[in-house]
Peer 1: 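Pasting a structure below so you can have a look.
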Amino acid sequence: NRTTTELELVNVSASWDEGIGELFEKIKQENKANGQPNCDASLFFTNLYITPVLKNISLYLEKGKMLAVAGSTGSGKSSLLMMILGELVPSEGKIRHSGRISFSPQTPWIMPGTIRDAILFGLTYDEYRYTSVIKACQLEEDFALLPEKDKTLLVEGGVTLSGGQRARLGLARAVYKDADLYLLDAPFTHLDIVTEKEIFEKCVCKLMASKTRIVVTSKLEHLKRADKILLLHNGDCYFYGTFSELQAQRPDFSSLLLG
Ligand code: CTP
(Lines give C-alpha, C1' and ligand atoms only; values in the text may rest on other atoms or scores of the structure.)
Protein backbone atom coordinates (compact mmCIF):
# COMPACT_ATOMS: atom_id res chain seq x y z
CA ASN A 1 0.00 0.00 0.00
CA ARG A 2 1.69 3.14 -1.27
CA THR A 3 -0.10 5.59 1.02
CA THR A 4 1.34 3.99 4.15
CA THR A 5 4.82 3.48 2.71
CA GLU A 6 7.37 5.99 3.97
CA LEU A 7 10.43 4.63 2.22
CA GLU A 8 10.96 2.37 -0.74
CA LEU A 9 14.16 1.14 -2.37
CA VAL A 10 13.91 -0.86 -5.58
CA ASN A 11 16.94 -2.80 -6.84
CA VAL A 12 19.35 -0.08 -5.76
CA SER A 13 23.10 -0.31 -6.33
CA ALA A 14 25.75 2.31 -5.62
CA SER A 15 29.52 2.84 -5.52
CA TRP A 16 31.57 5.48 -3.77
CA ASP A 17 34.08 5.69 -6.62
CA GLU A 18 31.57 6.59 -9.31
CA GLY A 19 33.81 9.45 -10.44
CA ILE A 20 36.31 7.07 -12.03
CA GLY A 21 33.60 5.51 -14.21
CA GLU A 22 32.50 8.96 -15.34
CA LEU A 23 36.09 9.92 -16.13
CA PHE A 24 36.64 6.88 -18.34
CA GLU A 25 33.27 7.41 -19.99
CA LYS A 26 34.38 10.98 -20.81
CA ILE A 27 37.68 9.75 -22.30
CA LYS A 28 35.74 7.22 -24.36
CA GLN A 29 33.40 9.93 -25.69
CA GLU A 30 36.35 12.24 -26.45
CA ASN A 31 38.19 9.47 -28.31
CA LYS A 32 35.05 8.80 -30.30
CA ALA A 33 34.55 12.49 -31.10
CA ASN A 34 38.19 12.81 -32.23
CA GLY A 35 37.97 9.68 -34.32
CA GLN A 36 40.52 7.95 -32.09
CA PRO A 37 40.22 4.25 -31.28
CA ASN A 38 39.02 3.70 -27.73
CA CYS A 39 41.61 2.61 -25.25
CA ASP A 40 40.76 -0.91 -24.08
CA ALA A 41 42.39 -0.14 -20.77
CA SER A 42 39.51 2.16 -19.80
CA LEU A 43 37.10 -0.77 -19.56
CA PHE A 44 39.65 -2.73 -17.55
CA PHE A 45 40.16 0.12 -15.07
CA THR A 46 36.44 0.85 -14.85
CA ASN A 47 35.81 -2.72 -13.76
CA LEU A 48 38.79 -2.69 -11.44
CA TYR A 49 37.92 0.51 -9.58
CA ILE A 50 34.15 0.53 -9.49
CA THR A 51 33.38 -1.82 -6.67
CA PRO A 52 29.75 -1.41 -5.65
CA VAL A 53 29.27 -0.67 -1.95
CA LEU A 54 25.60 -1.65 -2.18
CA LYS A 55 24.26 -4.22 -4.61
CA ASN A 56 20.66 -4.65 -5.71
CA ILE A 57 19.03 -3.65 -2.42
CA SER A 58 15.23 -3.59 -2.22
CA LEU A 59 13.14 -2.73 0.81
CA TYR A 60 10.09 -0.82 1.91
CA LEU A 61 9.22 0.67 5.24
CA GLU A 62 5.71 1.61 6.31
CA LYS A 63 4.94 4.74 8.32
CA GLY A 64 5.63 4.32 12.02
CA LYS A 65 7.74 1.17 11.60
CA MET A 66 11.30 0.38 12.63
CA LEU A 67 13.91 -1.07 10.30
CA ALA A 68 17.11 -2.43 11.81
CA VAL A 69 20.12 -2.43 9.48
CA ALA A 70 22.67 -4.98 10.61
CA GLY A 71 25.92 -6.44 9.28
CA SER A 72 29.60 -6.58 10.09
CA THR A 73 31.94 -3.62 9.74
CA GLY A 74 32.25 -2.32 6.19
CA SER A 75 29.13 -4.16 5.01
CA GLY A 76 27.54 -0.89 3.81
CA LYS A 77 25.20 0.12 6.67
CA SER A 78 26.30 3.78 6.81
CA SER A 79 26.43 3.91 3.03
CA LEU A 80 22.78 2.85 2.91
CA LEU A 81 21.84 5.79 5.15
CA MET A 82 23.98 8.11 3.01
CA MET A 83 22.08 6.93 -0.03
CA ILE A 84 18.70 7.62 1.59
CA LEU A 85 20.02 11.07 2.56
CA GLY A 86 20.97 11.71 -1.05
CA GLU A 87 24.73 11.90 -0.32
CA LEU A 88 25.45 8.73 -2.27
CA VAL A 89 23.73 8.63 -5.64
CA PRO A 90 22.57 5.19 -6.78
CA SER A 91 24.02 3.93 -10.06
CA GLU A 92 20.95 1.76 -10.55
CA GLY A 93 17.49 1.41 -9.08
CA LYS A 94 15.03 3.77 -7.46
CA ILE A 95 14.65 5.40 -4.04
CA ARG A 96 11.40 6.95 -2.94
CA HIS A 97 10.61 8.67 0.35
CA SER A 98 8.12 11.35 1.18
CA GLY A 99 9.80 14.05 3.13
CA ARG A 100 11.86 15.41 5.94
CA ILE A 101 14.72 13.33 7.25
CA SER A 102 16.44 13.59 10.61
CA PHE A 103 19.88 12.01 10.67
CA SER A 104 22.06 11.08 13.60
CA PRO A 105 25.61 10.35 12.34
CA GLN A 106 27.96 7.85 13.97
CA THR A 107 30.05 10.74 15.30
CA PRO A 108 27.88 13.80 15.90
CA TRP A 109 29.61 17.14 15.43
CA ILE A 110 29.52 19.57 18.30
CA MET A 111 29.87 23.30 17.73
CA PRO A 112 30.73 25.90 20.38
CA GLY A 113 27.72 26.92 22.48
CA THR A 114 25.67 25.50 25.30
CA ILE A 115 24.63 21.87 25.55
CA ARG A 116 21.05 22.96 25.02
CA ASP A 117 22.01 24.79 21.80
CA ALA A 118 23.76 21.65 20.61
CA ILE A 119 20.56 19.65 21.05
CA LEU A 120 18.13 22.26 19.68
CA PHE A 121 20.47 22.81 16.72
CA GLY A 122 18.69 25.98 15.63
CA LEU A 123 15.16 24.82 16.43
CA THR A 124 13.00 26.64 18.98
CA TYR A 125 12.91 25.42 22.57
CA ASP A 126 9.78 23.49 23.50
CA GLU A 127 9.99 22.54 27.16
CA TYR A 128 7.79 19.44 27.03
CA ARG A 129 9.42 18.06 23.90
CA TYR A 130 12.93 18.88 25.13
CA THR A 131 12.38 17.30 28.54
CA SER A 132 10.97 14.08 27.12
CA VAL A 133 13.90 13.75 24.71
CA ILE A 134 16.46 14.45 27.44
CA LYS A 135 14.87 11.89 29.74
CA ALA A 136 14.65 9.23 27.03
CA CYS A 137 18.32 9.75 26.15
CA GLN A 138 19.29 9.66 29.85
CA LEU A 139 20.96 13.05 29.67
CA GLU A 140 19.17 14.42 32.74
CA GLU A 141 21.57 12.68 35.11
CA ASP A 142 24.55 14.09 33.22
CA PHE A 143 23.18 17.63 33.29
CA ALA A 144 22.51 17.44 37.02
CA LEU A 145 26.25 17.01 37.62
CA LEU A 146 27.21 20.10 35.62
CA PRO A 147 27.52 23.52 37.30
CA GLU A 148 25.22 25.21 34.81
CA LYS A 149 23.21 22.16 33.84
CA ASP A 150 22.35 22.19 30.12
CA LYS A 151 23.43 25.83 29.88
CA THR A 152 27.02 24.70 30.31
CA LEU A 153 29.29 25.72 27.45
CA LEU A 154 30.76 23.07 25.18
CA VAL A 155 34.21 23.17 23.57
CA GLU A 156 36.28 26.40 23.84
CA GLY A 157 36.77 26.74 27.57
CA GLY A 158 33.77 24.60 28.40
CA VAL A 159 33.34 20.94 29.28
CA THR A 160 34.44 18.11 27.07
CA LEU A 161 31.89 15.39 26.58
CA SER A 162 32.69 11.70 26.93
CA GLY A 163 32.11 9.45 23.92
CA GLY A 164 28.89 8.17 25.44
CA GLN A 165 27.63 11.66 26.27
CA ARG A 166 28.41 12.81 22.76
CA ALA A 167 26.54 9.81 21.30
CA ARG A 168 23.47 10.50 23.45
CA LEU A 169 23.58 14.21 22.60
CA GLY A 170 23.65 13.31 18.90
CA LEU A 171 20.68 11.00 19.37
CA ALA A 172 18.78 13.65 21.36
CA ARG A 173 19.38 16.22 18.61
CA ALA A 174 18.08 13.86 15.92
CA VAL A 175 15.02 12.88 17.97
CA TYR A 176 14.16 16.48 18.97
CA LYS A 177 13.80 17.41 15.30
CA ASP A 178 10.40 16.73 13.81
CA ALA A 179 10.76 14.57 10.70
CA ASP A 180 9.01 11.91 8.61
CA LEU A 181 11.97 9.56 8.64
CA TYR A 182 14.70 9.13 11.26
CA LEU A 183 18.08 7.66 10.38
CA LEU A 184 20.06 6.64 13.44
CA ASP A 185 23.57 5.44 12.62
CA ALA A 186 24.87 3.25 15.45
CA PRO A 187 23.42 5.50 18.18
CA PHE A 188 24.65 3.31 21.04
CA THR A 189 28.39 3.53 20.38
CA HIS A 190 30.40 4.04 23.59
CA LEU A 191 27.45 3.15 25.82
CA ASP A 192 27.55 0.37 28.38
CA ILE A 193 25.13 -2.54 27.95
CA VAL A 194 22.66 -1.32 30.59
CA THR A 195 22.46 2.24 29.22
CA GLU A 196 22.20 0.94 25.69
CA LYS A 197 19.28 -1.31 26.65
CA GLU A 198 17.47 1.49 28.49
CA ILE A 199 17.91 4.05 25.72
CA PHE A 200 16.84 1.56 23.09
CA GLU A 201 13.66 0.89 25.11
CA LYS A 202 12.83 4.41 26.26
CA CYS A 203 13.90 6.39 23.23
CA VAL A 204 13.92 4.22 20.10
CA CYS A 205 10.97 1.99 21.05
CA LYS A 206 8.75 4.15 23.30
CA LEU A 207 9.33 7.85 22.56
CA MET A 208 9.72 7.13 18.85
CA ALA A 209 6.94 4.52 18.74
CA SER A 210 4.97 6.33 16.04
CA LYS A 211 8.01 7.41 14.01
CA THR A 212 9.40 5.76 10.90
CA ARG A 213 12.92 4.77 11.94
CA ILE A 214 16.02 3.14 10.55
CA VAL A 215 18.47 2.07 13.23
CA VAL A 216 21.93 0.77 12.42
CA THR A 217 22.49 -1.93 15.01
CA SER A 218 23.64 -5.51 15.06
CA LYS A 219 22.39 -6.33 18.58
CA LEU A 220 20.20 -9.41 18.65
CA GLU A 221 17.83 -7.80 21.19
CA HIS A 222 17.28 -4.86 18.85
CA LEU A 223 16.68 -7.04 15.81
CA LYS A 224 13.98 -8.90 17.75
CA ARG A 225 12.13 -5.63 18.39
CA ALA A 226 12.41 -4.21 14.87
CA ASP A 227 9.52 -4.55 12.42
CA LYS A 228 11.91 -5.32 9.57
CA ILE A 229 15.56 -6.33 9.39
CA LEU A 230 18.05 -5.77 6.59
CA LEU A 231 21.18 -7.82 7.06
CA LEU A 232 23.99 -6.66 4.78
CA HIS A 233 27.06 -8.66 3.84
CA ASN A 234 29.72 -7.01 1.64
CA GLY A 235 27.07 -4.70 0.23
CA ASP A 236 24.70 -7.55 -0.65
CA CYS A 237 21.33 -8.12 0.95
CA TYR A 238 22.00 -11.30 2.91
CA PHE A 239 18.52 -11.13 4.41
CA TYR A 240 15.52 -8.81 4.44
CA GLY A 241 12.37 -9.52 6.43
CA THR A 242 11.07 -10.08 9.96
CA PHE A 243 12.98 -11.64 12.86
CA SER A 244 11.07 -14.94 12.69
CA GLU A 245 11.75 -15.13 8.95
CA LEU A 246 15.41 -14.45 9.69
CA GLN A 247 15.58 -17.37 12.12
CA ALA A 248 13.81 -19.66 9.66
CA GLN A 249 15.65 -18.63 6.48
CA ARG A 250 19.11 -17.86 7.82
CA PRO A 251 19.66 -19.97 10.94
CA ASP A 252 23.39 -19.16 10.79
CA PHE A 253 22.82 -15.36 10.71
CA SER A 254 24.51 -14.51 14.02
CA SER A 255 27.97 -15.10 12.54
CA LEU A 256 27.38 -12.00 10.38
CA LEU A 257 26.53 -9.79 13.35
CA LEU A 258 30.00 -9.99 14.86
CA GLY A 259 32.67 -7.45 14.11
N1 CTP B 1 33.21 3.92 1.86
C2 CTP B 1 33.83 4.78 0.98
N3 CTP B 1 33.60 6.14 1.06
C4 CTP B 1 32.79 6.65 2.01
C5 CTP B 1 32.15 5.77 2.92
C6 CTP B 1 32.40 4.41 2.82
O7 CTP B 1 34.57 4.34 0.11
N8 CTP B 1 32.58 7.95 2.08
C9 CTP B 1 33.44 2.46 1.76
C10 CTP B 1 34.16 1.89 2.96
O11 CTP B 1 35.53 1.95 2.79
C12 CTP B 1 33.67 0.46 2.98
C13 CTP B 1 32.30 0.53 2.35
O14 CTP B 1 32.20 1.80 1.72
O15 CTP B 1 34.48 -0.38 2.20
C16 CTP B 1 31.18 0.36 3.35
O17 CTP B 1 31.34 1.29 4.40
P18 CTP B 1 30.18 1.66 5.42
O19 CTP B 1 28.93 1.91 4.68
O20 CTP B 1 30.70 2.74 6.30
O21 CTP B 1 30.05 0.30 6.23
P22 CTP B 1 29.36 0.04 7.64
O23 CTP B 1 28.63 -1.26 7.51
O24 CTP B 1 28.58 1.22 8.06
O25 CTP B 1 30.62 -0.16 8.60
P26 CTP B 1 30.79 0.16 10.16
O27 CTP B 1 29.93 -0.81 10.89
O28 CTP B 1 32.24 -0.07 10.41
O29 CTP B 1 30.37 1.59 10.36
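Numbering starts at 1 and runs along the sequence shown.
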Peer 1: In plain terms, say whether Asp180 and Lys63 are close enough for a salt bridge, that is, a side-chain N and a carboxylate O under 4.0 Å apart.
Peer 2: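 So Asp180 does not pair with Lys63 through a salt bridge.
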
Peer 1: Would you say the side chain of His233 lies within less than 4.5 Å of the side chain of Phe239, judging by non-hydrogen atoms?
Peer 2: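 A side-chain contact under 4.5 Å is absent here.
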
Peer 1: Can a donor-acceptor pair be found between the side chains of Asp126 and Tyr176 at a distance below 3.5 Å?
Peer 2: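 On atom types as modelled, these side chains do not qualify, holding no pair under 3.5 Å.
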
Peer 1: More than 12 heavy atoms of other residues, nucleotides or ligands under 6.0 Å from CD of Glu127: yes or no?
Peer 2: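 Not buried by this count: 12 neighbours or fewer within 6.0 Å.
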
Peer 1: For Asn11 and Ser58, which I'm curious about, is there any donor-acceptor pair between the side chains at under 3.5 Å?
Peer 2: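 Yes, side-chain donor-acceptor contact under 3.5 Å.
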
Peer 1: Look at the rings of Phe200 and His222 and say which category their plane angle falls in: under 30° parallel, 30 to 60° tilted, over 60° perpendicular.
Peer 2: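 Plane angle under 30°, so parallel.
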
Peer 1: Under a 4.0 Å N-O cut-off, is there an ion pair linking Glu245 with Arg250?
Peer 2: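 Between Arg250 and Glu245 there is no salt bridge, as every charged N stays at least 4.0 Å from the carboxylate O atoms.
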
Peer 1: When you measure from the centre of the six-membered ring of Tyr60, is the NZ or CZ of Lys228 closer than 6.0 Å and no more than 45° off the axis?
Peer 2: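 Yes, cation above the ring, under 6.0 Å and within 45°.
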
Peer 1: Could you check whether Gln106 and Thr189, counting side-chain N and O atoms only, form a donor-acceptor pair closer than 3.5 Å?
Peer 2: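 No pair is found: no donor N or O on one side chain lies under 3.5 Å from an acceptor on the other.
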
Peer 1: Between Gln138 and Thr195, is any side-chain donor less than 3.5 angstrom from a side-chain acceptor?
Peer 2: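 Result is no, nothing qualifies.
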
Peer 1: Quick one: does Ser13's side chain have a donor or acceptor within less than 3.5 Å of a partner on Glu92's backbone?
Peer 2: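 Pair absent, no side-chain N/O of Ser13 close to backbone of Glu92.
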
Peer 1: Determine whether more than 12 heavy atoms belonging to other residues, nucleotides or ligands lie under 6.0 Å from atom CD1 of Ile193.
Peer 2: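 No.
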
